[in-house]
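The block underneath contains the structure these notes are about, expressed in structure tokens.
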Amino acid sequence: MNPPGMATADDTGRDDPPPSVLPGAPFLQRSAAGLTLDGLALDALAREFGTPLYVYSQRAMLAALAAYRQALAGREHLVCYACKANSNLAVLQTFARAGCGFDIVSAGELARVRSAGAAASQIVFSGVGKTAAEMRIALQAGVRCFNVESVGELERLSQVAVALGRTAPVSLRVNPDVDARTHPYISTGLKDNKFGIAHAQALAAYRRAAALPGLRVEGIDCHIGSQITQVEPYLDAIDRLLDLVEAVEAAGVPIHHLDLGGGLGITYRDETPPDAGTLVRRMLARIDARGHGRRPLLLEPGRSLVGNAGVLLTEVQYLKPGADGDAKNFCIVDAAMNDLARPAMYGAWMAIEACVPRAAPAQRWDIVGPVCESGDWIGRDRELALQPGDMLAVLSAGAYGMAMSSNYNSRPRAAEVLIVDGVPRLVRARETVPELFAGETLLP
Ligand SMILES: *Cc1c(COP(=O)(O)O)cnc(C)c1O
């Protein structure tokens with residue numbers, strides 16, 4: 001029996017489930033105990049594990065993956081989780097056990113996904129600056145494909161492969177020159193952009209790839225940006241890509257798979273991105289309409305698999321009300337730009353909620369961290385009723401949160417908890433101060 005007040009929809013069969021706090025985050029709910037993730041009270045997790053603390057729901061991650069997979073059922077496909085979004089080993093293991101592939105951008109990520117149980121044949125290697133050493137490691141591991149971003153990289157990869165007596169499977173990352181209509185820092189598909197091979201140069205690059213002794217052409221690839229909230233940029237990119245596939249094949253170079261990258265956005269505030277199923281179905285319809293429906297399909301989602309599966313918990317340290325009526329009120333918390341860079345780096349808006357709301361009038365606060373930079377803010381002009389010691393949750397923090405954290409101001413990095421079948425598992429211990437300078441030496 002549940003104690004009073006703990007009745008759930010399952011017990012009664014009648015109660016509505018508690019409301020979700022954010023579209024696309026079905027496991028984040030508001031209940032009598034305050035905010036919960038996958039049924040666990042966030043305030044209690046913050047007090048048990050300490051703050052700043054990242055908390056993720058495994059169930060939410062697997063549900064996000066399932067949405068892609070269901071829409072791809074019946075097609076030869078591989079969903080490759082772009083692990084730079086959140087590369088905690090237990091998160092990677094979650095996806096590896098679910099049979100998911102991985103998109104990596106460094107030898108470090110290769111080692112991580114392998115440690116988490118990923119099969120090399122399920123790994124694609126992206127990135128604009130692969131070193132020869134990284135190529136060697138990835139070739140020896142036997143990754144499924146190198147997503148190559150320049151002709152120089154083609155030449156180098158062929159040399160490295162020949163020296164190892166191997167053949168490198170390649171796909172060219174083509175820049176389709178479409179506008180993903182997202183933030184300039186995370187838009188990657190326009191021609192004035194460091195990523196990919198220009199559409200106009202791609203045919204020549206494919207001819208070169210086919211002629212090089214160490215390479216085998218496998219596919220074509222694009223990734224037009226991140227936090228994309230519309231379907232049309234993807235459809236434009238597909239058209240541009242398929243035009244090229246037809247031209248390259250007419251020139252005698254067969255192309256097998258299509259890799260359409262990642263980039264699907266999530267709701268941080270009031271964005272209304274398509275759900276993954278809708279996006280995939282519309283992409284498939286376009287590919288089929290163009291007569292390319294039998295090609296194996298790869299996708300590289302990052303943010304949309306993990307972003308709304310996680311929160312960052314932080315404790316209110318001090319309140320500094322403004323000196324007069326117009327001055328800002330500052331709420332200083334124990335998380336900072338080193339823990340969560342998105343607001344400072346992109347001006348990103350992230351929802352901030354009290355884990356247990358107070359029944360008191362709200363005031364307007366700037367939520368800031370302790371780092372010595374005026375850019376160190378988590379949220380501005382937030383209406384909240386706060387007291388020191390309160391726990392706050394920064395929502396939608398599962399992607400590009402911990403993964404972009406640093407030790408600026410000699411701040412140890414946060415701990416991470418993954419909720420697995422209703423049990424909170426500490427999957428990364430809080431960093432200690434001695435670890436911060438363990439690799440440094442004093443002069444003699
Ligand atoms: C970052 C990245 C992704 C994932 O992007 P999201 O916006 O997180 O989905 C996919 N492919 C490549 C090549 C990337 O660099």
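In each ligand, atom 1 is the first atom listed, and ligand 1 is the first ligand listed. Side chains included, hydrogens not; waters and symmetry mates left out as well; all remaining heavy atoms used.
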*Which ligand 1 atoms does Ser126 reach within 4.0 Å, using its non-hydrogen atoms?*
13 (C)
*Quick one: does Lys84 get an N or O within less than 3.5 Å of an N or O on ligand 1?*
yes
*Glu76-His257 side chain donor-acceptor pair, cut-off 3.5 Å*: no
*Report the member of His223, Gln227, Arg303 with the shortest heavy-atom distance to atom 3 (C) of ligand 1.*
His223
*For ligand 1, which atoms have a heavy atom of Ala82 less than 4.0 angstrom away?*
3 (C), 4 (C), 10 (C)
*Numbering as shown, the atoms of ligand 1 that approach Gly262 to under 4.0 Å (heavy-atom distance)*: 9 (O), 10 (C)
*Spatial distance of atom CD1 (Ile367) from atom CG (Asp381) [nearest 0.5 Å]*: 10.0 Å
*Does a side-chain N-to-carboxylate-O contact under 4.0 Å join Asp339 and Arg411?*
yes
*For ligand 1, indicate whether the residue Glu300 contacts it via side chain, backbone, both or neither (heavy-atom separation under 4.0 Å).*
both
*Carboxylate-amine/guanidinium proximity below 4.0 Å for Arg216 and Glu218*: yes
*Relative to ligand 1, is Ile228 under 4.0 angstrom through side chain, backbone, both or neither, heavy atoms considered?*
neither
*ring-ring contact (aromatic ring centres under 6.0 Å, His included) partners of residues 92-150, not counting sequence neighbours, each pair once*: Tyr81-Phe95, Phe125-Phe146
*With the threshold set at 4.0 Å, does a side-chain nitrogen-carboxylate oxygen contact exist between Arg47 and Asp43?*
yes
*Please say whether Gly225 places an N or O atom under 3.5 Å from an N or O atom belonging to ligand 1.*
no
_If the threshold is 4.0 Å, N to carboxylate O, is there a salt bridge linking Glu153 and Lys130?_
yes
*Is ligand 1 less than 4.0 angstrom away from at least one heavy atom of Gly263?*
yes
_Ligand-residue contact atoms, ligand 1 with Arg173, heavy atoms, under 4.0 Å_ = 13 (C)
_Arg342 to Tyr268 six-membered ring, cation-pi geometry met (6.0 Å, 45°)_ = yes
*Going by the atom numbers of ligand 1, which of them fall below 4.0 Å from some non-hydrogen atom of Tyr400?*
1 (C), 4 (C), 5 (O), 6 (P), 8 (O)
*Which heavy atom of the protein is the closest neighbour of atom 7 (O) of ligand 1, given with residue, atom name and distance?*
Ser226 OG, 2.3 Å
